[in-house]
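For reference, the structure discussed in these notes is given below.
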Amino acid sequence: MSDFSSCPVAVSWLLPELQQLAAELAARLQLPLQAADAQDAELLLQVGSDGLSLQATAAGAPGAVRVDFVEGALAHRRQFGGGTGQMVAKAVGLRGALRPNVLDATAGLGRDAFVLAALGCEVTLVERQPVIAALLADGLQRARQAGGEVAEIAARMQLLTGDAIELMADWSGPVPQVIHLDPMFPHRDKSALVKKEMRLFRPLAGDDLDAPALLAAALQLASHRVAVKRPRKAPAIDGPPPSAQLSGQSSRYDIYGKKKL
């Protein structure tokens with residue numbers, strides 16, 4: 001059973017007809033089922049007509065977080081985000097017609113993976129926190145049901161739930177050319193969206209104290225390179241030094257090259 005003792009999470013429903021779906025999800029995640037107006041849990045994974053959302057119950061808590069690949073910020077980024085000029089695309093090595101297959105070993109809400117898939121990469125996503133993985137799976141399902149371009153992008157994204165270090169050590173599928181890592185770190189981004197997500201997710205996921213082991217496993221598995229997203233002024237993860245860096249306004253990529261793409 002997943003250990004949520006430090007941050008009690010329950011599954012709830014927003015419409016009476018969705019109570020059964022909520023009960024099934026609670027059983028699958030081994031979480032308690034709770035009415036939305038109860039205050040027993042610190043976080044509620046809510047089943048609504050528009051999919052799953054995560055909501056804190058404390059007074060003054062930020063709004064709910066959900067994964068939406070169809071509309072909103074990701075739709076805008078897909079259309080106007082800058083294509084292969086985006087930092088994540090450069091870090092992974094997209095250029096010309098080159099589209100490496102990518103393992104995003106710290107998928108989170110899937111934003112970077114979606115950008116890479118939108119640009120033509122086949123992306124395998126790994127998320128070890130079960131509640132975050134449930135949000136991501138729900139967003140991917142709705143994207144596939146939406147049809148059109150978004151469904152085509154989502155078809156290039158495969159989600160695995162589990163510990164990335166263990167999965168990479170026992171990898172049985174095609175070897176990823178590039179592994180993308182974005183370990184949890186103390187965000188200082190001023191945007192309301194990042195603040196809201198970090199306030200909700202940090203009690204769930206915590207900091208990635210095993211980042212050095214994660215990097216070591218990625219370097220062992222990737223055939224060509226590992227790209228690690230870091231705060232712009234943060235030190236590199238303990239281990240071998242990166243062979244290159246790409247810096248943006250608030251973040252950077254440490255790139256560990258094994259051989260040329």
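All residue numbers in this chain count up from 1 along the given sequence.
Tested against Val178 for a side chain to side chain contact (heavy atoms under 4.5 Å, CB included), the candidates Cys121, Pro100, Ser223 yield a single pass: Pro100.
Between Asp182 and Arg111 there is no salt bridge, since none of the side-chain N atoms of the basic residue sits less than 4.0 Å from a carboxylate O of the acidic one.
The minimum heavy-atom distance between Ala105 and Ile179, with the atom names listed, is CB-CG2, 4.3 Å. The minimum heavy-atom distance between Thr84 and Lys90, with the atom names listed, is O-CG, 3.8 Å. Contact between Ala61 and Gln55 at its shortest, heavy atoms only, is CB-NE2, 4.3 Å. A pairwise comparison of heavy atoms in Gly110 and Leu125 identifies CA-CD2, 4.2 Å as the closest pair. Residues Val150 and Phe69 share a closest heavy-atom pair of CG1-O, 3.9 Å. Among all heavy-atom pairs drawn from Leu136 and Ala107, the shortest one is CD2-CB, 3.8 Å.
Surrounding CD of Gln249 are at most 12 heavy atoms belonging to other residues, nucleotides or ligands under 6.0 Å away. By the 6.0 Å contact criterion, CG on Asp50 is enclosed, its count of non-hydrogen atoms from other residues, nucleotides or ligands being greater than 12. Surrounding CD of Gln220 are at most 12 heavy atoms belonging to other residues, nucleotides or ligands under 6.0 Å away.
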Set out, in order, the CA-CA distance, both residues' side-chain angles and the distance that settles side-chain contact (heavy atoms from CB on, under 4.5 Å) for Val228 and Tyr256, then state yes or no. CA-CA 8 Å; Val228 183; Tyr256 301 78; 3.7 Å; yes
Please assess Val88 against Lys229 for the test side-chain contact (heavy atoms from CB on, under 4.5 Å), listing each intermediate value before the final yes or no. CA-CA 9 Å; Val88 64; Lys229 193 174 185 179; over 6 Å; no
If you apply the rule side-chain contact (heavy atoms from CB on, under 4.5 Å), what do you find for Leu31 with Val131, and how did you get there? CA-CA 10 Å; Leu31 292 173; Val131 171; 4.1 Å; yes
Apply side-chain contact (heavy atoms from CB on, under 4.5 Å) to Ile237 and Arg230, showing your working. CA-CA 9 Å; Ile237 294 175; Arg230 301 289 287 160; 4.0 Å; yes
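For the atom pair Glu122 CD and Asn101 CG, the distance stands at 8.0 Å (nearest 0.5 Å).
Residues Leu116 and Asp104 fail the side-chain proximity criterion, which asks for heavy atoms closer than 4.5 Å. Counting heavy atoms from C-beta on, the side chains of His224 and Lys258 never come closer than 4.5 Å. At a threshold of 4.5 Å between non-hydrogen side-chain atoms, the residues Arg66 and Leu52 do not count as touching. Within the 4.5 Å cutoff, the side chain of Val67 has no heavy atoms near those of the Phe114 side chain.
Taking the six-membered ring where tryptophan is involved, the planes of Tyr253 and His180 are tilted, since the angle between them lies from 30° to 60°.
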